[in-house]
Amino acid sequence: MAETPNVGIGMVDTGLSHAILNGLVTGSFIALGAIGLSLVYIIADVPNFAHGELLMLGAYFALLVNLPGTMPVMTYVSGGDQGVVLLGAVILFGLTAVGTLGVIYLLGGWQSFKGAWWPIDVHPWVAVVVHVCVALLLGAYVATGVPSMLPAFVLSAVLLATIAPLFDKYVFRRFREADASLAVMLIAAMGLAFFLRYTAHAAYGGSVRRYEYPRVRSIFGQEINVAAAKYFDFYVSDGGVTFRVTDTAEVMGDPIVASLEYGWPAFVVLVGITAFASYAAYRWRRSGLGEHESAQTIGPKLVGSLTGVLVLLVLAALLARPGGSPDEFFYATRIRTSVMRLSVIALAGALMIALHALLKETKLGTAMRAASDNLDLAKATGIDTGRVMMTTWIIAGAYAAVAGVTVGMLFHNIVPSMGFFLLLPMFAAVILGGLASVYGAIVGAYTVGIAMEVGIWTFGFSGVHRTSMAFLVLLLVLLVKPEGIIGR
């Protein structure tokens with residue numbers, strides 16, 4: 001069995017820090033769902049109660065790649081549960097390639113194929129060739145990637161990015177054009193949710209499904225179980241600070257993943273240079289913006305933070321020396337988590353940065369922000385609000401797919417009813433952050449996630465009370481700030 005670090009008398013209770021980290025993981029997949037929910041409400045004016053079912057569909061679509069032999073239709077073209085014959089590979093290739101081209105078409109018809117949605121002007125045929133090549137490459141990647149999870153993410157995101165806009169085109173748009181009230185839109189969304197849930201139940205059955213993938217991966221030449229928990233230990237002693245990562249699973253090789261020690265002089269240099277570099281980058285960026293600071297995608301705070309993180313990582317690698325857990329220390333703490341859970345936080349962060357860049361740096365993002373402020377005024381100024389609507393639903397579908405697959409990987413529990421239980425914390429996040437702000441939805445999601453995990457740790461509740469803690473925090477915040485955290 002894998003050995004664990006020595007734990008001295010000074011080891012403190014790490015329940016709170018562990019709960020906060022779990023809250024960040026929970027907040028990450030809630031945020032991915034809440035982003036789409038918020039965008040659809042702000043721009044399309046749809047309280048989409050069917051959004052949870054999009055996450056459910058995303059989780060099931062990934063099974064077409066991960067476990068094709070267990071899925072309807074694909075059973076006949078599979079080579080076992082996790083393999084496909086040539087015809088099965090062709091089907092996966094076609095679904096991905098056609099879905100990718102369908103997403104591009106939904107952005108604005110044939111003009112989109114000619115690059116109308118690109119942030120730069122290019123020759124139409126260049127755009128066409130690029131779009132076709134991307135579709136073919138993604139199709140080949142998915143078809144040859146069975147049963148890996150990354151191709152499963154891609155297929156799920158492509159399919160939902162294609163399907164979600166059709167809900168608006170053939171359902172919600174008709175109600176909007178008829179000036180239907182918010183209550184009618186809500187009932188229509190609930191009807192769509194029930195239709196999707198019970199259709200999935202009829203197609204896939206009610207049994208619990210889970211993904212199958214190798215837990216042990218080679219990372220930097222070391223075999224690491226990405227799903228098993230790791231101990232992240234931090235020691236403070238007379239000689240300095242020590243950071244140690246230990247694998248709790250029985251794997252080939254040394255269970256000590258990393259053990260880094262910093263003497264006090266090195267630690268002071270590390271902290272001092274990092275703080276100085278971060279502040280210098282912040283001041284440099286701020287001095288070049290003047291009154292336009294709030295309008296920049298990469299503002300002073302982001303530049304300072306990114307610089308600080310980069311300098312910290314570089315110096316931490318240069319100044320570290322090999323070390324073990326000290327025999328004597330006056331403070332120590334431990335966080336227990338897995339590489340997979342940390343990857344969820346990183347993936348969500350990357351997708352949020354991508355969305356931020358889209359909204360701030362592209363013509364399409366500018367149109368989306370204008371439409372969110374006043375859809376009628378945006379239409380009067382010549383903005384193609386139809387394309388804005390389609391883009392909103394494409395983003396909502398793709399992000400919901402990623403969230404759904406992520407939930408399936410974390411909890412190993414894919415069932416047709418999972419969408420409803422995910423919808424509740426997502427709605428709480430959107431309302432808590434402020435209905436008129438997608439950034440508020442992100443802040444609300446992490447607030448809800450941390451409240452859920454810290455709440456059940458604080459009061460000793462079981463996991464079934466997580467959602468209750470989310471709505472308790474929602475109620476308390478709205479009593480103080482009815483418009484939400486970032487409401488207007």
Side-chain angles (χ1 to χ4, degrees), residues 5 12 14 16-25 27-28 31 219-222 224 226 229-247 256-289 293 296-326 329-354 356-357 442-443 446 449-450:
V12 300
T14 58
L16 179 59
S17 57
H18 182 65
I20 292 174
L21 182 60
N22 282 342
L24 292 175
V25 176
S28 293
I219 302 177
F220 299 116
Q222 187 169 1
I224 297 177
V226 297
K230 309 288 182 293
Y231 287 136
F232 292 81
D233 296 320
F234 181 74
Y235 300 90
V236 181
S237 63
D238 292 336
V241 298
T242 302
F243 178 71
R244 190 179 189 189
V245 182
T246 307
D247 200 337
I256 306 300
V257 179
S259 185
L260 306 175
E261 183 179 344
Y262 302 89
W264 284 117
F267 184 74
V268 171
V269 170
L270 175 66
V271 174
I273 294 181
T274 299
F276 174 79
S278 180
Y279 180 72
Y282 169 81
R283 296 295 302 177
W284 168 77
R285 181 60 175 163
R286 187 173 184 181
S287 64
L289 294 180
E293 177 180 338
Q296 298 301 309
T297 302
I298 305 179
K301 294 179 182 178
L302 182 57
V303 170
S305 300
L306 293 177
T307 302
V309 171
L310 179 61
V311 172
L312 177 64
L313 293 176
V314 172
L315 288 180
L318 293 176
L319 298 177
R321 63 189 185 195
S325 56
F329 48 84
F330 52 86
Y331 178 80
T333 188
R334 165 178 289 172
I335 295 177
R336 187 174 183 270
T337 189
S338 66
V339 174
M340 181 183 298
R341 297 177 76 84
L342 295 177
S343 300
V344 170
I345 299 175
L347 175 61
L351 290 176
M352 291 172 199
I353 292 173
H356 177 64
I442 294 173
V443 174
Y446 282 103
I450 293 174

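Looking at Ser28 and Tyr446, their side chains come closer than 4.5 Å, going by heavy atoms from C-beta outward. Residues Ile335 and Lys230 fail the side-chain proximity criterion, which asks for heavy atoms closer than 4.5 Å. Between Leu319 and Tyr262, the closest side-chain pair of non-hydrogen atoms falls below 4.5 Å. Within the 4.5 Å cutoff, no side-chain heavy atoms of Leu342 are placed close to those of Val25. The shortest side-chain heavy-atom distance between Thr246 and Arg244 falls under the 4.5 Å cut-off. Taking the side chain as every heavy atom from C-beta outward, Val236 and Phe329 never approach each other to under 4.5 Å. Residues Ile273 and Val311 have side chains in contact (heavy-atom distance under 4.5 Å, counting atoms from C-beta outward). Residues Phe330 and Asp238 form a side-chain contact, since some pair of their non-hydrogen atoms from C-beta on lies under 4.5 Å apart.
Between Pro322 and Glu261 the shortest heavy-atom distance is O-OE1, 4.1 Å. Closest approach of Ala320 and Leu260 over heavy atoms only: CB-CD2, 3.9 Å. Between Ser17 and Thr333, the closest heavy-atom pair is OG-OG1, 4.4 Å. Here the closest heavy-atom approach between residue Ala332 and residue Tyr235 is recorded as CB-CD2, 3.6 Å. Contact detail for Trp264 and Ser237: the closest heavy-atom pair is NE1-O, 3.2 Å.
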* Leu24/Ile450 under side chain to side chain contact (heavy atoms under 4.5 Å, CB included): CA gap, chis, key distance, verdict -> CA-CA 6 Å; Leu24 292 175; Ile450 293 174; 4.0 Å; yes

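Between the NE2 atom of His356 and the CD1 atom of Ile442 there is a distance of 9.5 Å, given to the nearest 0.5 Å. Distance check, rounded to the nearest 0.5 Å: CG of Leu306 to NZ of Lys301 gives 14.0 Å. Atom CG in Leu21 sits 5.0 Å away from atom CD1 in Ile345 (nearest 0.5 Å). Summarising the geometry, atom CZ belonging to Arg336 is positioned 10.0 Å from atom CG belonging to Asn22; distances are rounded to the nearest 0.5 Å. Here the CZ atom belonging to Arg285 is positioned 9.5 Å from the OG atom belonging to Ser287, to the nearest 0.5 angstrom.
The aromatic rings of Phe232 and Phe243 sit tilted, their planes meeting at an angle between 30° and 60°.
Judged by distance alone, with hydrogens and angles left aside, the side-chain atoms of Ser278 form no donor-acceptor pair with the main-chain N or O of Thr274 at under 3.5 Å.
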